[in-house]
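Below is one structure, written out as structure tokens; comments come after it.
Values below: every heavy atom of this structure, side chains too, minus hydrogens, waters and symmetry copies. First the proteins, then the strands, lettered A, B, ... as listed; each starts at 1.
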Protein chains: 2
Amino acid sequence: MALPDKDNSAEAIAASLAHAIHEHRLAPGSKLSEDEVGEIFGVSRTVVRAALQRLSHSRLVELKRNHGAFVAQPSIREAREVFEARALLEPRTARSAAERIMPADIQLLQSHIEAEHDALKNGSAGRALYLSGQFHVEIARIADQDTIAEYITQLVARSSLVIALYWQRRAALCESHAHDALLRALATHDGQRAEELMKEHLLSLMTSLDLRDRNAVPTSLREALGA
Amino acid sequence: MALPDKDNSAEAIAASLAHAIHEHRLAPGSKLSEDEVGEIFGVSRTVVRAALQRLSHSRLVELKRNHGAFVAQPSIREAREVFEARALLEPRTARSAAERIMPADIQLLQSHIEAEHDALKNGSAGRALYLSGQFHVEIARIADQDTIAEYITQLVARSSLVIALYWQRRAALCESHAHDALLRALATHDGQRAEELMKEHLLSLMTSLDLRDRNAVPTSLREALGA
DNA sequence: TCATCCAATATCGTATACAATCATGTGTCC
DNA sequence: GGACACATGATTGTATACGATATTGGATGA
């Protein structure tokens, strides 16, 4: 594992774990033992705890008292709420981004899309998912809204967990086309269209999930066995 | 100081500090020494650190490496961003709340407003400010959106810091009237009007602040002395 | 054979100790 | 007299030790 910066090691570890979660290398429900994580990164439990608390606050891990940290398993309700929050934040932010975007930003988004395509071709779906999320975060950054960008970063990461749990395999590759269209609207400073496209994109994302109750994640064993 | 629950003491301490910040009992820039806070609450630095990290993640305190924790001093830019984020989240949430509100909720909001009036009459402006913030949080709760409610909680607390720094004393008491009007719209399930009122309310809040650069908070001594 | 109780184990929760770092103040040299 | 270097103090950063708690496994009894 990449050794974290000697400074801010807790933050580096949190980022590393978040990245792994985002790329689906860590599945929802995975246990993150303090000792184990500490050994992997070569630090004591003290700093691991700081990292885990950080992630807990971002809702990426769940801290169970006296039981340890686990990669979060968002409920269906939480999944819906995450996308509803995104639906409030992202469309208007995309509009702002369209009004402020600079040539360098367009280049960057374009390379994001290409990297995502490459990742998909190489079969690294996790990395593609991560890049796809970063596309959204980047738009908030272009809109010059750090506070909103931070929230979107969180929501995107949580969306990755939601996708891990509730994705239905049919309805797949609309994604990249949506990003292409968004980029075109942004590049032409068409704020109105960017806003609409983002709204539709998020809606289509949500409808590609199976958020019916019956497929609830087996949070309790009783429920898992259909008792 | 109220002794925190033996369980989750870090969270209790964080909540206590957040409350104090929200009520302007702790001014922006105040130093929060780990030893001092630990002594006040009767716990070791370990748990104090956890609480401070939590607050740091909420942007209520700023952690300066090897220097300690300080109550945050939002920049003008951050102040704007906080209200822009609220402008995206709250109006639509108010509309949802209007559609779902129950009689008990109306009662609760009414009592919030009354408590706020009482606090103002008793001269405890800090408490009034806190209650005024809780009014907004309560609306998100009524809308049945935990995720958004959490964000609004954070943003409201940060708004309190912004108010402490940038409030201009003229333009004061429009507040309670705005809440009254909002409650009427909510109580009559007039979602459209609730959304509009919330949008205007936030706008008027922001314009009652002095967010011009020249009044920047003296983050550096040089700036404070007008050098 | 089954349920109940209890001990053993593993993990987390907290306190404390020590190391690292930065700020301040002092002394010396130019 | 001024600037630099260094020692000192205070505060945070990290590691470790110990205590608390919940689960697991086995033993005992009916």
What is the distance from [atom1] of [X] to [atom2] of [N], rounded to the nearest Å?
X	N	atom1	atom2	value
B/R54	C/dG13	CZ	P	13 Å
B/Q53	D/dT12	CD	P	13 Å
A/R49	D/dT16	CZ	C1'	14 Å
A/I13	D/dT14	CD1	C1'	12 Å
A/K64	C/dA10	NZ	C1'	17 Å
B/R65	D/dT11	CZ	C1'	13 Å
A/E34	C/dA10	CD	P	16 Å
B/D35	D/dG9	CG	P	17 Å

### Query
Does B/R45 place a side-chain N or O at less than 4.0 Å from the phosphate oxygens OP1/OP2 of D/dT12?
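Looking at the OP1 and OP2 atoms of D/dT12, neither is under 4.0 Å from any side-chain N or O of B/R45.
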### Query
Do any side-chain nitrogens or oxygens of B/S9 fall under 4.0 Å of OP1 or OP2 in C/dT14?
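Indeed, a polar side-chain atom of B/S9 lies that close.
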### Message
Whether A/D144 and B/R77 form a salt bridge (side-chain N of Lys/Arg under 4.0 Å from carboxylate O of Asp/Glu) is what I want to check.
### Response
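Answer for the salt bridge query: yes.
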### Task
May I ask you to decide whether B/R141 forms a salt bridge with B/D105, counting only side-chain N to carboxylate O separations under 4.0 Å?
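Salt bridge flag = yes for B/D105 with B/R141.
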### Any side-chain heavy-atom pair of A/V61 and A/L63 under 4.5 Å
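A side-chain contact exists here, since the closest heavy-atom pair is under 4.5 Å.
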Using atom names, set out every protein N or O paired with an N or O of nucleotides 23-25 of chain C below 3.5 Å, distance rounded to 0.1 Å.
| unit_1 | atom_1 | unit_2 | atom_2 | d |
| --- | --- | --- | --- | --- |
| C/dA23 | OP1 | B/H67 | NE2 | 3.2 |

### Message
Can you confirm if the aromatic rings of B/H136 and B/H201 lie within a centre distance of less than 6.0 Å?
### Response
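That pair passes the under 6.0 Å test.
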### Task
Could you check whether A/K31 gets within reach of a base, just the sugar-phosphate, or nothing at all, counting any heavy atom under 4.0 Å?
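The residue A/K31 makes sugar-phosphate contact but no base contact.
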### Query
Considering heavy-atom distances to DNA chain D, does B/L32 or B/T46 have its closest nucleotide positioned more toward the 5' end?
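That would be B/L32.
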### Query
Hey, which of these two, A/N66 or B/G68, hits DNA chain D nearer its 5' end, going by closest nucleotide?
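Result: B/G68.
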### Message
Can you give me the closest heavy-atom contact between B/R59 and B/L161, atom names plus distance?
### Response
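So the minimum-distance heavy-atom pair works out to O-CD1, 4.3 Å.
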### Message
Using only atom types and a distance under 3.5 Å, with no angle test, would you say the side chain of B/E34 pairs donor to acceptor with the backbone of B/R49?
### Response
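No; judged by distance alone, with no hydrogens or angles, the pair does not exist.
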### Query
Okay, side chain of A/E81, backbone of B/D146: is any donor-acceptor separation there less than 3.5 Å?
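Indeed, once roles are kept as given, a pair shorter than 3.5 Å links the two residues.
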